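First the structure, in the form of structure tokens, and then the observations on it.
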Amino acid sequence: MHVKRLIGRRFSDETVQEDAKLWPFKVVAGREDRPMIVVQYKGEEKQFAAEEISSMVLAKMKETTEVYLETTVKHAVITVPVYFNNSQRQATMDAGTIAGLNVMCIINEPTAAAIAYGLDSMPTEDGKRTVLIFDLGGGTLDVSLLDIDPGLDIDMGLFEVKAIAGDTHLGGADFDNEMVKHFLREFIRKYKKMDVRSDQRALRRLRTACERAKRLLSSTSQTSIDIDSFHDGIDFYATITRGRFEELNRDHFAKCMEAVEKCLRNAGVDKGSIDDVVLVGGSTRVPKVQGMLRDFFDGKELCRGINPDEATTGGAMTVLIPRNTTIPAKKERLFSTCSDNQDSVLVRVYEGEQATARDNYLLGRFELSGIQPAPTFEIDENGVLNVSAEDKTTGQKNEITISSDKGRLSKEEIERMCDGPAIGIDLGTTYSCVAVWRHDRGEVIANDQGNRLTPSCVAFKNADRLVGEAAVNQGRLEPHQHRVCHRCGAATR
């Protein structure tokens, strides 16, 4: 489980060594100190890199989309925690390549969530708003502070990241770890069975029970775990209250608030200037987390309008002028140069809705000398497209006019372009989901079980390899089977 915590890391990393003590599968050092996951597959022992396991989940997301859209999917945008280093980002892109996807870009999860928040809920009357994105998932915490300016209309909204903070090793999995350690202590105290710590089958079943208990404690004050023949034929039953759960994770909750305080300090703003606090990630459902945030911001109501498990896929892609826009229409957007001291900008105008320029139809191009161009796109009532760009500092301006019959695509060609989608994938620690841009919005796609979230789980059984809910179900039926990846059991993200 929790391969997301292995991807891009070294086996000798202290965090890997600590986590491995509680993982119900074996991790060994591979080439160049790469952590390798050991499983029994097709009658022999095999080793898989974290990228390989992640690619199996990504391939499942790709397959889900292709079944839904009835077309081949080749391109994807994948979201990652903001604190992922270059090695972790490159490893994620490698996983996408192994899955048969062209990873067009990696986007930070809080940024994607902010875009989704802006697209769905951004006010258009109150002007600029300062928004704190609190993203607590299964394995990572990301806190971002952004200024969101809706502009004249929703298509002109600007997102400026003011500061970030977080922890790549703090999330729901850590809450589970504290419960696992608590119940192991209880079992050892009652039955004097110290060797239970090395019983991987028992650890796997206990973790599953703890994840389920954690989820239930979000809606009830007390719950229990009940595991038949837990270890050496001993049945294990124990209860836990929400208060005890909160006490076990007191230090983790404190770290969450420390990240919020650090983000505000880095931005040089006080908490009173925050207009909205947006919750992202399944672990934000924990009542203690919500309560601490609400108290910190002096009773401010938290924004929970976005599904916390799906927020990051909804903001992974956008278009400038969507098809079927009523004309006449005029759109403006600010752009910055790719590098400092760049003295010219080449503006290309494409028709189509593919995420990559090469897959759309080039209508025309022009060059503007200067920096910080602000292109204006205007379609008049006759369908003539006028595109202009002006340097805001010097006033230098250039433009191009494209008539509706110049290089015009047929309706069938446009539809074909629109039907060749690029997808956005949130590769979560416990759950993953996939979205595609359709009907001018990000649409989250349900899997073959009709669920919008797919467990980030892989199971190996004899000659079979199961991914998603099939892997979770197999693990419940035969808990001794190898079950690895981003998650274990059926808990919230």
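Please read all numbers here as calculations on a predicted model, not as lab measurements.
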In Å and rounded to the nearest 0.5 Å, what is the [atom1] to [atom2] distance from [X] to [Y]?
X	Y	atom1	atom2	result
L203	L184	CG	CG	6.0 Å
L302	L293	CG	CG	6.0 Å
S218	F245	OG	CZ	7.0 Å
M104	I423	CE	CD1	9.0 Å
E469	L453	CD	CG	9.0 Å
L132	D276	CG	CG	10.0 Å

side-chain hydrogen bond (donor to acceptor under 3.5 Å, both in side chains) involving H231 - partner list, sequence neighbours excluded:
D195, D199
Please enumerate all residues that pass side chain to side chain contact (heavy atoms under 4.5 Å, CB included) together with [X], with sequence neighbours excluded.
X	answer
A213	M179, T223, I225
K262	Y83, A165, R265, N266
D226	D228, Y237
E45	V38, Q40

Return the minimal non-hydrogen interatomic distance between [X] and [Y], and the atom names on each side.
X	Y	result
A49	R34	CB-CD, 4.1 Å
G428	S456	O-OG, 3.0 Å
A99	S55	CB-O, 3.5 Å
L136	G171	CD1-CA, 3.9 Å
F11	V27	CE1-O, 3.4 Å

Taking [X] for the side chain and [Y] for the main chain, is one N or O donor matched with an acceptor at less than 3.5 Å?
X	Y	answer
R207	A202	no
R10	D33	no
T284	L279	no
S54	A50	yes

May I ask you to check whether [X] and [Y] show a side-chain donor-acceptor distance below 3.5 Å?
X	Y	result
N447	T64	no
Y68	E443	yes
T454	S432	no
D13	Q17	no

Under a 4.5 Å cut-off applied to non-hydrogen side-chain atoms, are [X] and [Y] in contact?
X	Y	result
L427	V57	yes
D142	F134	no
H75	L101	no
I425	T79	no
L69	V436	yes
R242	P287	yes
Q47	V28	yes
T140	H169	no

Decide yes or no on side chain to side chain contact (heavy atoms under 4.5 Å, CB included) for D448 and K60, but give the supporting numbers first.
CA-CA 10 Å; D448 53 2; K60 177 66 175 180; 3.4 Å; yes
Mind running side-chain hydrogen bond (donor to acceptor under 3.5 Å, both in side chains) on D174 and H252 for me, showing each step along the way?
CA-CA 8 Å; D174 298 286; H252 295 314; 4.9 Å; no
Can I53 and M56 be said to form a side chain to side chain contact (heavy atoms under 4.5 Å, CB included), step by step?
CA-CA 5 Å; I53 299 295; M56 298 172 192; 4.2 Å; yes
Residue among I78, L58, V103 satisfying side-chain contact (heavy atoms from CB on, under 4.5 Å) with T92
I78
Please determine whether side chain to side chain contact (heavy atoms under 4.5 Å, CB included) holds for the pair L145 and V131, giving the CA-CA distance in whole Å, both sets of side-chain angles, and the decisive distance to 0.1 Å.
CA-CA 6 Å; L145 190 66; V131 178; over 6 Å; no
Could you go step by step and tell me if D176 and R212 meet the salt bridge (charged side-chain N to carboxylate O under 4.0 Å, His left out) rule?
CA-CA 9 Å; D176 300 335; R212 187 178 300 113; over 6 Å; no
Salt bridge flag under 4.0 Å for residues E211 and K214
no
Quick one: salt bridge (Lys or Arg N to Asp or Glu O under 4.0 Å) partners of K46, sequence neighbours excluded?
E44
Under the salt bridge (charged side-chain N to carboxylate O under 4.0 Å, His left out) rule, what do K255 and E258 come out as? Steps first, then yes or no, please.
CA-CA 5 Å; K255 288 181 180 179; E258 289 171 4; over 6 Å; no
Is the number of heavy atoms from other residues, nucleotides or ligands within 6.0 Å of NZ (K288) greater than 12?
no
In terms of heavy-atom contacts, does CZ of R89 have more than 12 from other residues, nucleotides or ligands at under 6.0 Å?
yes
Stepwise, does the side chain to side chain contact (heavy atoms under 4.5 Å, CB included) test hold for F183 with L206?
CA-CA 8 Å; F183 285 120; L206 178 58; 3.9 Å; yes
